[in-house]
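Comments concern the structure below.
Bear in mind the structure is a predicted one, so any value in this text is a computation, not a measurement.
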Amino acid sequence: MSNKQVKLVAKVKGKPLEELRRERDELKPVRDLIKEKVENDEPLEIDTAVAADIIKRYDKLDRIVKSHDSTLFFMYTYFGENKYNKDNEGNIIPDGVTMDDAPEFHRLLTDTLNTLSNEEITKRVAWSVPRGHAKSAYLSNMFPVHQLVFGLRRYILIVSETLGMSRKFVEWINDQLKFNKLLREDFGELVNTPLNRDLTDNKDSFETINGCFVQASSIGGQLRGSRYKSFRPDLVICDDLESSKNTNTLDLRTKNEDWFNKIIIPIGDVTRTAIIYMGTLVHATGLLPHVMKRADFDGKMFSAIVEEPERQDLWDEFEEMYRDQENPNRLEDATHFYESHKAEMDKGAKTLWNDRFPYYKLMMEKVNIGSRAFGSEFLNMPIDDETAIFKSHYFQYFDDKDLYDAAGRPLPLDLYGFWDIAIGKNANSDYNAIVTLGRDRRTGVIYVLDAYAKKQPMHEALRVAERKIAEYGHKVFGVETVQAQYDMFRQLRENITKRGLYRTRLKAVNPRGKKEDRIMTLEPLFENGTIRIKRSQRLLIEQLQQFLNHDNDDLPDALASAVDLCGGNRRRTFLQKPSGL
């Protein structure tokens, strides 16, 4: 923060906020005494109408002061369906929803806006937020109104992908200042009135009676040298600048970055300009990820899914059921399945906004729009097929009926499994990954039958490994045995022996070389269709698509080791020329 940074002074109807704060504090004991006498049915020493005016004045001052100190309070008070404001057509917060119901994400967002308003006024913020989480409602609709009514920012610039999008924000803000009854009662008339018809007021911009200006623009807009009177933009809001249309070539992405660096960054006043850029990642090398990595921006990335549930196996079954195109009742069947197993399936699951997007709705949306769109829109993990190792069109999918031939006989599969153990310091950040695959003895096609992954202690994963061996009866089951992992191999060997699971040969594996190189060996097998996966194996697909960019690659690593066990990635060579050729 610059030493030259100015302090923003809030005013309401020309009065400094601190003056209103003192008046409120002076009224409080009088107001409390009146309420106490009324509650105790004691006679008042002043006229009833005067007492009512005192309470009304205190409530108004209290709303104003609290609104300055908390943008969340301001938003719920003036744009919520509450007792004061039911008739406002522009309300965003639904009836019956209170501040106590606010999700943690909205609290974090408004806390950041509070800091930007009252402490670090030149703060730069770049957040990637999933679709549908009211980012724009809070940032581009309600927050500018807060800054305007207190006169905290003199020139607010709202930039979106298109001018039409940013105009809608400006129009909503203008309408609230004109028609929100409670807002006008508390903060006064701030836009055009019969006495102030000369103020700028059009679809692109408007100015207020207290000397503020709001303007709409778009990415690539001609904004160099922008001024309102003697003021340069002191609050720049960039909301969803990118889409597939302006990021689908390297030239377009470079153009966006140049515009941002040459126009937006130097557009304001270093002593008072804040820049907030929020959007959803649409390209892995687009403008938003570039800005988020800058040292001068507070960069954060949010996913609609905060924590995965414990029972991934049940969710895989739910997803297969919901995806079954041959079942006309798939929605009802999947919903019934979820309701029947709700307690187990919800355990461990945490979403960014659970009231609006519980985990089961997100899983339905994933099937509805497809994994690729879901990864970009809700997980903030866009897939860049230009640079991806495992490209989306490589994947060939199968379902259970594909494991039978035309005569209904099961395919001759040899089953192999592998457990990639998370241990030590990485036990809470890495997955214990257990992969089971079946290799067709006739064709060599490899079917990934099961892809289990969970962040859990290795002794819990040990029990899972036992269950998988009992369920599938693998021909060979490999266990990573680097350092302390060998003890898990030893315990697993003892346990399956005690259970009489003699069919499976357990193999200790000490992987050689770099993990990345092992995973890379899978690429040609996916490209030529040798490896086939289920659509419900979403974490495996995600980690493959995001390979080298994802935080975890434990499932692909376990898959690579299992494929190696079955000989799937060995090249066939001849020591000598076959006879007869």
Checklist entry - Tyr397 ring centre to Arg535 NZ or CZ under 6.0 Å, with the angle to the axis within 45°? => result yes
Next on the checklist: Please enumerate all residues that pass side-chain contact (heavy atoms from CB on, under 4.5 Å) together with Thr98, with sequence neighbours excluded.
Outcome noted: Asp100, Asp101
Checklist entry - Among Leu379, Leu352, Ile305, which one satisfies side chain to side chain contact (heavy atoms under 4.5 Å, CB included) with Leu362? => result Ile305
Next on the checklist: Take a 6.0 Å sphere around NZ of Lys475 and say whether it holds more than 12 heavy atoms from other residues, nucleotides or ligands.
Outcome noted: no
Checklist entry - How would you list, by chain and number, every residue that makes a side-chain contact (heavy atoms from CB on, under 4.5 Å) with Asp111, sequence neighbours excluded? => result Asn114
Next on the checklist: Holding to ring pair (Phe, Tyr, Trp, His ring centres under 6.0 Å), I want the full list of residues that pass it with Phe318, two or more places apart in sequence or in another chain.
Outcome noted: Trp315
Next on the checklist: Would you say the rings of Trp419 and Tyr452 are close, in the sense that their centroids are separated by under 6.0 Å?
Outcome noted: no
Item to check | Gln312 and its side-chain hydrogen bond (donor to acceptor under 3.5 Å, both in side chains) partner, picked from Lys454, Arg538, Gln537, Glu317 | outcome: Arg538
Next on the checklist: Quick one about Glu377 and Thr280 (side-chain donor to acceptor, distance below 3.5 Å, no hydrogens or angles considered), yes or no?
Outcome noted: no
Checklist entry - Would you say Asn261's side chain and Glu257's backbone share a donor-acceptor pair under 3.5 angstrom? => result yes
Next on the checklist: Could you report the tightest heavy-atom contact between Gly529 and Gln396, atom names first, then the distance?
Outcome noted: CA-NE2, 3.4 Å
Next on the checklist: Could you check whether Asn88 and Gln176, counting side-chain N and O atoms only, form a donor-acceptor pair closer than 3.5 Å?
Outcome noted: yes
Checklist entry - Is the closest side-chain donor-acceptor distance between Asp239 and Ser160 under 3.5 Å? => result no
Checklist outcome for this item: For Asp554 and Asn552, the nearest pair of non-hydrogen atoms, with its separation, is OD2-ND2, 3.5 Å
Checklist entry - ring pair (Phe, Tyr, Trp, His ring centres under 6.0 Å) with Phe337: which residues, sequence neighbours excluded? => result His341
Checklist entry - What is the minimum heavy-atom distance between Thr71 and Leu113, and which atoms define it? => result OG1-CB, 4.0 Å
Checklist entry - Between Glu242 and Thr247, is any side-chain donor less than 3.5 angstrom from a side-chain acceptor? => result no
Checklist entry - Should Asn368 and Tyr322 be marked as a side chain to side chain donor-acceptor pair (under 3.5 Å) after you check the CA-CA gap, both sets of side-chain angles, and the distance that decides it? => result CA-CA 9 Å; Asn368 294 338; Tyr322 185 61; 2.9 Å; yes
Item to check | Aromatic ring proximity Phe390/Phe395, centre distance under 6.0 Å | outcome: no
Next on the checklist: Using ring centroids (six-membered ring only for Trp), state whether Phe74 and His146 fall under 6.0 Å.
Outcome noted: yes
Next on the checklist: Under a 3.5 Å cutoff, is there a donor and acceptor pairing between the side chains of Asn91 and Glu81?
Outcome noted: yes
Item to check | Lys534: which of Asp400, Asp316, Asp399 passes salt bridge (charged side-chain N to carboxylate O under 4.0 Å, His left out) | outcome: Asp400
Checklist entry - With sequence neighbours left out, what residues match Asn528 under side chain to side chain donor-acceptor pair (under 3.5 Å)? => result Thr530
Checklist entry - Which residues pass the ring pair (Phe, Tyr, Trp, His ring centres under 6.0 Å) test with Phe105, sequence neighbours left out? => result Phe302
Checklist outcome for this item: Closest heavy-atom pair, Ile219 versus Val159, reported as atoms and distance to 0.1 Å, is N-CG1, 3.7 Å
Item to check | Within residues 240-260 or reaching into it, pairs that qualify as ring-ring contact (aromatic ring centres under 6.0 Å, His included) - sequence neighbours excluded | outcome: Phe260-Tyr277
Next on the checklist: Going by side chain to side chain donor-acceptor pair (under 3.5 Å), name the residues that satisfy it together with Thr115, two or more places apart in sequence or in a different chain.
Outcome noted: none
Next on the checklist: Using a 3.5 Å distance criterion without hydrogens, assess whether the side chain of Asp258 forms a donor-acceptor pair with backbone atoms of Lys255.
Outcome noted: no
Item to check | Those residues that, when tested against Arg323, pass salt bridge (Lys or Arg N to Asp or Glu O under 4.0 Å) (two or more places apart) | outcome: Glu319
Item to check | Check against salt bridge (Lys or Arg N to Asp or Glu O under 4.0 Å), Asp430 and Lys455 | outcome: CA-CA 6 Å; Asp430 290 346; Lys455 294 178 180 179; over 6 Å; no
Checklist outcome for this item: In short, Val291 meets Ala126 closest at the heavy-atom pair CG1-CB, 3.7 Å
Item to check | Polar side chain donor-acceptor pair, Asn432 to Asp420, under 3.5 angstrom | outcome: no
Checklist entry - Salt bridge or not for Asp204 and Arg167, using N-O below 4.0 Å? => result yes
Item to check | Spacing of SG belonging to Cys566 relative to CZ belonging to Arg439, to within rounding of 0.5 Å | outcome: 5.5 Å
Checklist outcome for this item: Residues at least two apart in sequence or cross-chain that pass side chain to side chain donor-acceptor pair (under 3.5 Å) with Asp240, listed by chain then number, are Arg131, Lys135
Item to check | Salt-bridge present (Asp553, Lys515; N to O < 4.0 Å) | outcome: yes
Item to check | Residues that Phe143 engages under ring pair (Phe, Tyr, Trp, His ring centres under 6.0 Å), provided they are two or more places apart | outcome: none
Checklist entry - Partners of His133 by side chain to side chain donor-acceptor pair (under 3.5 Å), sequence neighbours excluded? => result none
Item to check | CA sep, side-chain torsions, deciding dist, call: Arg124, Asp296, salt bridge (Lys or Arg N to Asp or Glu O under 4.0 Å) | outcome: CA-CA 7 Å; Arg124 294 177 175 180; Asp296 56 333; 2.5 Å; yes
Checklist entry - Is there a donor in the side chain of Tyr431 and an acceptor in the side chain of Gln543, or the other way round, less than 3.5 Å apart? => result no
Checklist entry - What is the minimum heavy-atom distance between Pro358 and Asp355, and which atoms define it? => result CD-O, 4.3 Å
